[in-house]
Amino acid sequence: MVSRFPGALRPVRAGIAVVTNARAAGQRSMMGYGKLLLEAARSVDSSAVELCPTSALTDRMPAWVAHSRVGRRVRDIERLVLTPAALVGTRAGVCHVADPGNADYLAVIRHRISVITVHDLIPYLCLAGHLAGFRPSHAGRWLMRRILARLGKADRIVCVSERTRRDLLDLTGLDARRILTIPNTVFQPMAPAAPEDCAALRAGLGLPAGAAVVLHVGQAFYKNRKAVLEVFARIRAARRDARLVLVGGLDAHHAGLAARLGLLPH
């Protein structure tokens, strides 16, 4: 596992290597996916190894520095310089990259078969002008083009949804036979909520006991809150007791739309 300063590492030889995400990035969902992927690899090959990008410098920083602009630049150095240096000499029969943002490491890992998981293509859709709301920087555009080029060289690509697979085919024109759809699984420990807990939550939110509830999470532009409001207005027209719960609330623009659609409480 790559977790220390690169100079202290020895090259790794493995049947299966899984490239996960740096701990310092704080991407809990990607880290959870990488953990599941590693567990699956070890069920096939008990000697499978994790190659985790180094966060040796970030780990030594106070939290406020790590989350500052300086911290972001340090993470770039760890990601683009220190980790590739640490991986030189690493060999694997199969190398599976859990996040396409790390696909460039395949250039320094000697492998026979490469696999990359693609979770979504939102930044790339913005880059191609198919989606508004985000403008990549010059450095971001350079990096995304490198990642797309690396995807073109992968032996297999796993997409977590059919929508992502179609987006990838539209953007790249890759051979569809190389791209598989394997839906994500849930890595968090989950269990059905007790009826009394559900009742308490409904009461706390002011939701009638028998009302149908639509839950929407997230305010980012690609969460398409406008469409959520418009679709729910149609649901509400057919079922007046339905309720919409938004995690993250409404900004002024969407609040105005909700008012015009008659969705705000009186």
Side-chain angles (χ1 to χ4, degrees), residues 1-12 17-39 49-90 95-109 116-127 131 133-150 160 184 187-189 217-223 225 247-249 251:
M1 184 168 92
V2 179
S3 59
R4 297 169 291 162
F5 191 77
L9 296 172
R10 295 179 180 178
V12 174
V18 178
V19 180
T20 59
N21 282 44
R23 306 293 183 260
Q27 298 168 304
R28 292 181 60 192
S29 60
M30 290 304 306
M31 291 165 63
Y33 178 81
K35 180 180 178 181
L36 288 179
L37 199 58
L38 184 63
E39 290 174 356
V49 299
E50 178 186 20
L51 303 177
C52 180
T54 185
S55 57
L57 301 180
T58 309
D59 289 344
R60 294 182 173 92
M61 294 179 177
W64 67 271
V65 177
H67 291 92
S68 69
R69 193 172 186 178
V70 171
R72 290 194 295 272
R73 297 291 80 80
V74 170
R75 287 198 295 276
D76 287 342
I77 293 171
E78 291 173 331
R79 177 186 178 190
L80 301 174
V81 179
L82 299 185
T83 296
L87 293 174
V88 171
T90 296
C95 187
H96 192 143
V97 180
D99 181 348
N102 293 327
D104 229 19
Y105 299 148
L106 289 170
V108 295
I109 299 171
I116 303 172
T117 295
V118 177
H119 300 264
D120 67 67
L121 289 155
I122 291 166
Y124 304 89
L125 293 170
C126 293
L127 177 66
L131 187 63
F134 168 68
R135 295 184 62 183
S137 64
H138 290 294
R141 290 196 292 271
W142 171 81
L143 184 58
M144 282 190 282
R145 292 189 179 103
R146 285 182 63 89
I147 291 170
L148 288 175
R150 181 56 59 182
V160 301
N184 271 334
F187 68 88
Q188 299 94 337
V217 180
Q219 293 178 297
F221 72 92
Y222 54 85
K223 298 296 185 179
R225 187 149 278 188
V247 177
D251 59 24

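- Proximity of a side-chain donor or acceptor of Thr58 to a complementary backbone N or O of Ala66 within less than 3.5 Å is not detected.
- Nearest heavy atom pair, residue Val97 against residue Asp99, reads CG1-O, 3.1 Å.
- A donor-acceptor pair is defined here as one N or O able to donate and one able to accept, closer than 3.5 Å; such a pair exists between the side chain of His119 and the backbone of Ala98.
- With sequence neighbours excluded, the residues forming a salt bridge (charged side-chain N to carboxylate O under 4.0 Å, His left out) with Arg73 are Asp76, listed by chain and number.
- Among residues two or more places apart in sequence or in another chain, the ring-ring contact (aromatic ring centres under 6.0 Å, His included) test is passed with Tyr124 by none.
- Considering only heavy atoms from C-beta on, Glu78 comes within 4.5 Å of Ser55 through its side chain.
- A donor-acceptor pair is defined here as one N or O able to donate and one able to accept, closer than 3.5 Å; no such pair exists between the side chain of Arg75 and the backbone of His67.
- Remark: Phe134 pairs with Pro123, Cys126, Pro136, Phe221 by the side-chain contact (heavy atoms from CB on, under 4.5 Å) rule, at least two apart or across chains.
- In Tyr222, the OH atom is not crowded: 12 or fewer heavy atoms of neighbouring residues, nucleotides or ligands sit closer than 6.0 Å.
- Here Ser68 pairs with Val65, Val70 under the side-chain contact (heavy atoms from CB on, under 4.5 Å) rule; sequence neighbours left out.
- Residues Gly34 and Val18 share a closest heavy-atom pair of O-CG1, 4.4 Å.
- Counting heavy atoms from C-beta outward, His96 and Val19 have side chains that stay 4.5 Å or more apart.
- Using a distance-only test at 3.5 Å, with no hydrogens or angles considered, a donor-acceptor pair links the side chain of Tyr105 to the main chain of Arg79.
- Scanning both residues, Leu106 and Cys95, for their nearest heavy atoms gives CD2-SG, 3.7 Å.
- Put simply, OG1 on Thr117 and OH on Tyr33 are 3.0 Å apart, with the number rounded to the nearest 0.5 Å.
- Here the side chains of Met31 and Phe187 are not in contact, with every heavy-atom distance at 4.5 Å or above.
- Arg135 has its side chain out of reach of Leu127: every pair of non-hydrogen atoms, C-beta onward, lies at least 4.5 Å apart.
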Identify all side-chain donor-acceptor contacts of residues 142-150 below 3.5 Å with residues at least two apart in sequence or on another chain.
{"residue": "Arg146", "atom": "NE", "partner": "Asp104", "partner atom": "OD2", "Å": "2.9"}
{"residue": "Arg146", "atom": "NH2", "partner": "Asp104", "partner atom": "OD1", "Å": "3.4"}
{"residue": "Arg146", "atom": "NH2", "partner": "Asp104", "partner atom": "OD2", "Å": "2.7"}

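- Smallest separation of non-hydrogen atoms from Thr54 and Leu82: CG2-CB, 3.8 Å.
- Val108 pairs in a side-chain contact (heavy atoms from CB on, under 4.5 Å) with only one of the listed residues (Thr90, Leu87, Thr83), which is Leu87.
- Side-chain N or O atoms of Glu50 include none that pairs as donor or acceptor with a backbone N or O of Thr20 at under 3.5 Å.
- For Asp120, the salt bridge (charged side-chain N to carboxylate O under 4.0 Å, His left out) test picks out no residue, with sequence neighbours left out.
- Nearest heavy-atom pair across Val217 and Arg225 is C-NH2, 4.2 Å.
- When the shell of 6.0 Å around CZ of Arg141 is examined, it contains more than 12 heavy atoms from other residues, nucleotides or ligands.
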